[in-house]
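Everything below concerns the one structure shown next.
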Amino acid sequence: MEQLNGKSLERVVSQRAFQMGSSFPCQICVVGFICGVCLTSLFLAALTSFGSVATGTNSRISIFNYTSIVGSGDCNRVLKERIKYLEKSSILGADDKISSLYSTWSDLLSKSSAPKAPHLENCKSSKELNQRLDLRLPNTSFPSWTMWKGTLDDLPLSTNDEKLKHYKHMLLSQGAHPPWITGSDEENYPLTRKVQRDIWLHQHPVNCSDPSVRFLVADWERLPGFGVGAQLAGMCGLLAIALNEKRVLVTNYYNRADHEGCKGSSRSSWSCYFFPETSLECRKRAFELMRDKVAWEKGVITVKTNYTSKDIWSGKIPRTWGNPWTFLQPTTEINGSLLVHHRKMDQRWWRAQAVRYLMRFQSEYTCQLMNIARHSAFGWEAAKMVLSTSSEYLVEDVEEKNIHDIEKFVWSDHKPWIPRPLLSIHVRMGDKACEMEVVGFEEYMHLAERIRKRFPHMNSIWLSTEMQDVIDKSNSYHHWRFYYTNVTRQKGNMTMATYEASLGRETSTNYPIVNFLMATEADFFIGALGSTWCFLIDGMRNTGGKVMSGYLSVNKDRFW
């Protein structure tokens, strides 16, 4: 996915169209002007945006998306969709100031500094902070983890603040909990904070060149039938093997990152989307050992083919922490009753821990994907909200000039704004019927209505599905606001592999990851227990401070 240009097509279209008015002659002029702009922009990078935004309880505006490079075949489509969007905006009485602010934020998405927008994140700053939190401090056993969030560790201290400096050093020496864990122990699966710290320490030896350090190097699954969820589940199994054998897991080729959006060394690598599973030093050492015949003979290095499918997919769960899955609290509901026991409680607990570790920090690329997704879905509402709460807000001031200490060091950890409370629904149908009982969209919405009875102020749903029929049916629920990625969806029962191939590798990877992360951020979740994707979303939520939000499932399948 390419970044926005400094003078994006969307801004040009927005400002011109609103200035020219709605008369037919003016619209003809606008179209002519836009065509000229479009023809000169054919080879420029453009935004691939996601989303659908609801601007009112009974109406929704579909936000169109660009391809990575706007080609001549897409030019007319982009123009038509933009004009259609402007016409709808005019009907809904869109405010010129809101449109201008939204467009200005769109332009600033391509800049390294964050625009002053509540729904956007400073990706460059976040990456730099997270990189520091993912490295050991010199001559210490732990990174600079602390008991607080944000960037307070960077606050300049005077010589009179020795007590606070000593307290920081004491925290580091004791090893504070990992910063990617949200919430207390009571709000997550048992031992989550300890497990995450221990996995990180295992995966980041002090000295990767120590002869005692052994490695497991594994490619991600790449068979056509393996979706993103199945690939993650397989790597969870390999991480379990690595821990049990006291090896450092090093992931190698990741086919879903083998596209133009992943640049440089991140091409074909997990690091395109999330931070690497181990340090760069360990990765380098592992690849060196793969060329060493003696290392192979001594078992210092192993690869995926050293293990059976059973080892990977249903092998032994690490027992380092005892059996914490035996006291999982029942927070999953099926048919009106909470699920207390099932046959795979250990696997459910472990996969949640493994996925949380593998996705602990977003890359700058993924952060930008999420910015674009939130802006496309919630940007209009954010602009309206900002303008309605500040009579002195100026579009020219969207980039912060003077940042006060509390904003820089304390509020820096606040997550981007999304409309809350937000319910996430993942509807899995299509070829999944050969593996589990599929349920119609009506059943999902029946559960949504149940949640709303308890929380009547909730009216927003992030909807993810591969089926166009589901999106069409959402139009009949007028008292809900639906947001969803704007991507071509299935019509009929084609296989998931065929469907993803039709989208192309970049799109078929980016939009599921965006949907996955949005689901983990939502306040509530409805899915299908028989779906691996829902299984992993639930795990991320239960290691992300949302275990007490519960999980409503439309079916009882597989392990249950």
Side-chain angles (χ1 to χ4, degrees), residues 127-128 130-144 178 196-223 231-232 234-259 261-309 311-312 315 318 320 354-355 357-366:
K127 178 188 174 183
E128 291 173 351
N130 292 336
Q131 282 179 329
R132 189 184 70 189
L133 296 175
D134 208 48
L135 293 173
R136 290 180 184 270
L137 289 173
N139 303 318
T140 63
S141 300
F142 295 94
S144 56
Q196 292 299 308
R197 183 183 66 182
D198 291 348
I199 295 176
W200 191 94
L201 291 174
H202 171 87
Q203 286 290 115
H204 294 78
V206 176
N207 180 10
C208 297
S209 296
D210 190 313
S212 65
V213 178
R214 302 189 302 167
F215 299 92
L216 192 171
V217 180
D219 289 344
W220 293 76
E221 296 286 355
R222 64 179 85 178
L223 294 175
Q231 290 177 305
L232 277 168
M235 196 54 69
C236 290
L238 288 162
L239 180 57
I241 292 172
L243 287 169
N244 286 329
E245 296 189 354
K246 298 187 179 349
R247 297 179 182 275
V248 174
L249 175 67
V250 177
T251 66
N252 198 8
Y253 180 71
Y254 184 45
N255 63 330
R256 290 183 174 274
D258 191 1
H259 58 72
C262 298
K263 307 295 185 182
S265 61
S266 71
R267 179 75 179 254
S268 306
S269 172
W270 178 248
S271 62
C272 178
Y273 290 99
F274 299 94
F275 273 35
E277 67 292 333
T278 188
S279 64
L280 294 178
E281 292 77 13
C282 277
R283 290 181 62 82
K284 180 180 178 181
R285 177 59 178 163
F287 294 138
E288 287 175 352
L289 290 173
M290 289 188 72
R291 299 189 295 268
D292 187 339
K293 183 179 179 180
V294 176
W296 284 99
E297 293 173 349
K298 292 184 176 181
V300 177
I301 193 88
T302 58
V303 291
K304 189 164 59 176
T305 53
N306 288 104
Y307 309 96
T308 66
S309 294
D311 293 332
I312 296 172
T320 308
V355 172
Y357 175 76
L358 291 170
M359 304 177 80
R360 65 193 183 281
F361 288 133
Q362 297 175 17
S363 68
E364 188 170 1
Y365 178 69
T366 298

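Because only heavy atoms are used, hydrogens play no part in the values below, and waters and symmetry mates are left out as well, while side chains stay in.
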Q: Check whether any side-chain N or O of Asn130 sits under 3.5 Å from a backbone N or O of Lys127 as a donor-acceptor pair, and report yes or no.
A: no
Item to check | Val248 backbone acceptor or donor facing Arg214 side chain under 3.5 Å | outcome: no
Answer whether the closest heavy-atom distance between the side chains of Ile241 and Ile312 falls below 4.5 Å.
-> yes
Quick one: do the Gln196 and Arg360 side chains pair a donor with an acceptor below 3.5 Å? no
Across all chains, not counting sequence neighbours, the side chain to side chain donor-acceptor pair (under 3.5 Å) partners of Asp311 are Thr308
Query - Within-4.5 Å side-chain heavy-atom neighbours: Trp270 and Met359 - result: yes
With sequence neighbours left out, the residues meeting ring-ring contact (aromatic ring centres under 6.0 Å, His included) with Phe215 are none
Nearest heavy-atom approach of Cys282 to Val250 is O-CG2, 4.4 Å
The ring-ring contact (aromatic ring centres under 6.0 Å, His included) partners of Tyr307 (sequence neighbours excluded) come to none
*Gln203 side-chain N/O to Leu249 backbone N/O, donor-acceptor pair under 3.5 Å*: yes
Between Tyr253 and Asp258 the two heavy atoms that sit nearest each other are OH-OD2, 2.9 Å
Correct closest heavy-atom pair for Val217 and Ala286 would be CG2-CB, 3.9 Å
Assign the ring pair Tyr357 / His204 to parallel, tilted or perpendicular, where the plane angle (0 to 90°) is split at 30° and 60°.
perpendicular
side-chain hydrogen bond (donor to acceptor under 3.5 Å, both in side chains) pairs touching residues 284-301, sequence neighbours excluded, are none
Nearest heavy-atom contact between Ser266 and Ala257 is O-CB, 4.2 Å
Would a 4.5 Å heavy-atom cut-off, applied to side chains only, mark Trp220 and Arg256 as touching? no
Residues passing the ring-ring contact (aromatic ring centres under 6.0 Å, His included) test with His202, sequence neighbours excluded, are none
Main chain of Pro276, side chain of Ser271: is a donor-acceptor contact present, judged purely on distance under 3.5 Å? no
To the nearest 0.5 Å, atom CZ of Arg283 lies from atom SG of Cys208 at 11.5 Å
query = Can you tell if the side chain of Pro143 reaches within under 4.5 Å of the side chain of Asp134, non-hydrogen atoms only?
reply = no
Over 60° means perpendicular and under 30° means parallel, so classify the ring planes of Tyr273 and Tyr254, tilted if in between.
-> perpendicular
Original post:
Counting distance only, does the side-chain N/O of Glu221 pair as donor-acceptor with the main-chain N or O of Gln231 below 3.5 Å?
Top reply: no
Applying side chain to side chain donor-acceptor pair (under 3.5 Å) to Thr251 and not counting sequence neighbours gives Glu277
